[in-house]
Amino acid sequence: MRLPDGYRLVSLHRIDSTNAEALRRAAEGAPHGTVVLAAEQTAGRGRRGRSWLSAPGNLYMTVLVRPPEGCATAQLSFVAAVALGETMDRETDFRFKWPNDLLVGGRKIAGILIEADGDAAAVGIGVNAARTPEGVSDTAADLGGREDAATLCVRICGSFDRWYRRWLAEGFGPVRDAWLARAAGLGEIAAVQTARGTVSGRFDRLTAEGALVLVDPSGGETEIAAGEVFFGRRGCC
Ligand code: BTN
């Protein structure tokens, strides 16, 4: 098993954040397909300014991409999610949670963080490959170490490269369809915390841009570009 053509692996023992490292390398001219893999992160970054617990054993990787001008960089999180799902399909009954988590049994097993700088974007992927981080066992799960992080990383790169090329060639449609086919909570009532407050409604679809569409009981639609989704009465997953 090897990385796709044009990809290059930078394997590190410990780093603050693979996303931060990929963006530093991008600023120095690192090419598309540079993959930063770390055994441990000391300042792993999550969405919405959160930290990402990054003890040794799990997978912490970032693919540096340089999409052509005009691409919707935010859609990269769906490209990465679908690639990650394809990598896991053989082993795991997973669901995608908008915008960019993977759940198993309603618990988070992987997260994706896209950070852009100029024409470069860091596609950061964290997978609980070996163990559930301490203190989050009620909301997170793990793959139980069935596969080591480096092997998983190479497989994810292969899938990512295929989906990335398809996205460039065919647009967001196929990515969105693949994502919706395994979406958590599609058709269910969801509450979404946004910067402007919480919006509730039935999770109906994704827009052509990847925004989540909620429909209220009177048929009114709200498109949400960024937020945190909660399903069900307990607000779980
Ligand atoms: C989330 O909040 O769900 C996104 C988590 C993304 C974590 C990964 S681990 C590899 C990469 N480097 C980081 O600092 N974050 C991402």
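Values in this document were obtained by computation on a predicted structure and should not be read as measured data. The figures here come from the full heavy-atom set of this structure, side chains too, leaving out hydrogens, waters and symmetry mates.
For the side chain to side chain contact (heavy atoms under 4.5 Å, CB included) test, residues two or more places apart in sequence or in another chain that qualify with A26 are L64, R66, A120. Remark: R24 engages D16, E21 in a side chain to side chain donor-acceptor pair (under 3.5 Å) (not counting sequence neighbours). Partners of E134 according to the side chain to side chain donor-acceptor pair (under 3.5 Å) rule, which considers only residues two or more places apart in sequence or in another chain, do not exist here. Residues satisfying the side chain to side chain donor-acceptor pair (under 3.5 Å) test with S54, not counting sequence neighbours, are Q41. Under the salt bridge (Lys or Arg N to Asp or Glu O under 4.0 Å) criterion, R45 pairs with E115, sequence neighbours left out. With sequence neighbours left out, the side chain to side chain contact (heavy atoms under 4.5 Å, CB included) criterion links P56 to E40. Legend: residues meeting side chain to side chain contact (heavy atoms under 4.5 Å, CB included) with A72, ordered by chain and number and at least two apart, are Q75.
R50 has a carboxylate O that lies under 4.0 Å from a charged side-chain N of E228, or vice versa, which qualifies the two as a salt bridge. Salt bridge annotation for R8-D5: absent, with no cationic side-chain nitrogen under 4.0 angstrom from a carboxylate oxygen. A salt bridge links E147 with R155: the distance from a Lys NZ or Arg NE/NH1/NH2 to an Asp or Glu carboxylate oxygen falls below 4.0 Å. Salt bridge status for R182 with D93: present, with a side-chain N to carboxylate O gap under 4.0 Å.
Side-chain atoms of Y60 do not come within 3.5 Å of backbone N or O of A149 as any donor-acceptor pair. Between the W163 side chain and the L84 main chain, no donor and acceptor come within less than 3.5 Å of each other. Side chain of T62 to backbone of N19: a donor-acceptor contact under 3.5 angstrom is found. A distance-only check finds no donor-acceptor pair linking the side chain of K108 to the backbone of A141 [under 3.5 Å]. No donor-acceptor pair under 3.5 Å is formed between the side chain of S159 and the backbone N or O of I156.
The distance from the SG atom of C71 to the CH2 atom of W167 is 4.0 Å, given to the nearest 0.5 Å. To the nearest 0.5 Å, the span separating CD1 on I125 from CG on L113 amounts to 10.5 Å. Rounding to the nearest 0.5 Å gives a distance of 5.5 Å between OG of S77 and CD1 of I114. Between H32 atom NE2 and D119 atom CG the span is 11.5 Å, to the nearest 0.5 Å. In this structure, CG in N58 is found 9.5 Å from CD1 in I109, a value given to the nearest 0.5 Å. Atom OG1 in T34 sits 10.0 Å away from atom CG in L9 (nearest 0.5 Å).
The aromatic rings of F172 and F78 sit perpendicular, their planes meeting at an angle over 60°, well past the 30° parallel limit.
Between S17 and A43, the closest heavy-atom pair is CB-O, 3.5 Å. Residues L102 and A81 come closest through the heavy atom pair CD1-O, 4.0 Å.
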(message) Set out, in order, the CA-CA distance, both residues' side-chain angles and the distance that settles side-chain contact (heavy atoms from CB on, under 4.5 Å) for D161 and R165, then state yes or no.
(response) CA-CA 6 Å; D161 185 53; R165 287 172 191 278; 3.0 Å; yes
(message) Is there a side-chain contact (heavy atoms from CB on, under 4.5 Å) between L212 and F203? Walk through the geometry before answering.
(response) CA-CA 7 Å; L212 182 144; F203 173 15; 3.9 Å; yes
(request) Could you check I112 against D101 for side-chain contact (heavy atoms from CB on, under 4.5 Å), going step by step and ending with a plain yes or no? (result) CA-CA 6 Å; I112 293 161; D101 291 346; over 6 Å; no
(request) Show the numbers, then the answer: is there a side-chain contact (heavy atoms from CB on, under 4.5 Å) between T18 and I15? (result) CA-CA 7 Å; T18 56; I15 194 72; 4.0 Å; yes
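When side chains are defined from C-beta on, L12 does not count as touching L37, because their heavy atoms never get closer than 4.5 Å. Proximity of L180 to L186: side-chain heavy atoms (C-beta onward) are separated by under 4.5 Å at one or more points. Annotation: side chain of D148 is in contact with side chain of T151 (closest heavy-atom distance under 4.5 Å). Considering only heavy atoms from C-beta on, V63 comes within 4.5 Å of Y7 through its side chain. Using a 4.5 Å cut-off on side-chain heavy atoms (C-beta onward), M61 and V36 make no contact.
The list of side chain to side chain donor-acceptor pair (under 3.5 Å) pairs with a residue in residues 124-133, not counting sequence neighbours, reads T132-D142. Counting only residues at least two apart or on different chains, the ring-ring contact (aromatic ring centres under 6.0 Å, His included) pairs with a member in residues 127-160 are F160-Y164. Within the structure, the ring-ring contact (aromatic ring centres under 6.0 Å, His included) test picks out no pair touching residues 104-156 (sequence neighbours left out). Counting only residues at least two apart or in different chains, side chain to side chain donor-acceptor pair (under 3.5 Å) contacts with residues 184-202 comprise R202-D204.
Placement of F231 and V215 in two distinct hydrophobic clusters is found when ILVMFWY residues are connected by side-chain heavy-atom separations under 4.5 Å, directly or transitively. Residues L143 and L53 do not share a hydrophobic cluster, clusters being chains of Ile/Leu/Val/Met/Phe/Trp/Tyr side chains in contact below 4.5 Å.
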Would you tabulate the side-chain donor-acceptor contacts of residues 218-227 under 3.5 Å, counting partners in other chains and residues two or more places apart, or write 'none'?
unit_1, atom_1, unit_2, atom_2, d
S218, OG, D216, OD1, 2.8
E221, OE1, R205, NH2, 2.8
E221, OE2, R205, NH1, 3.2

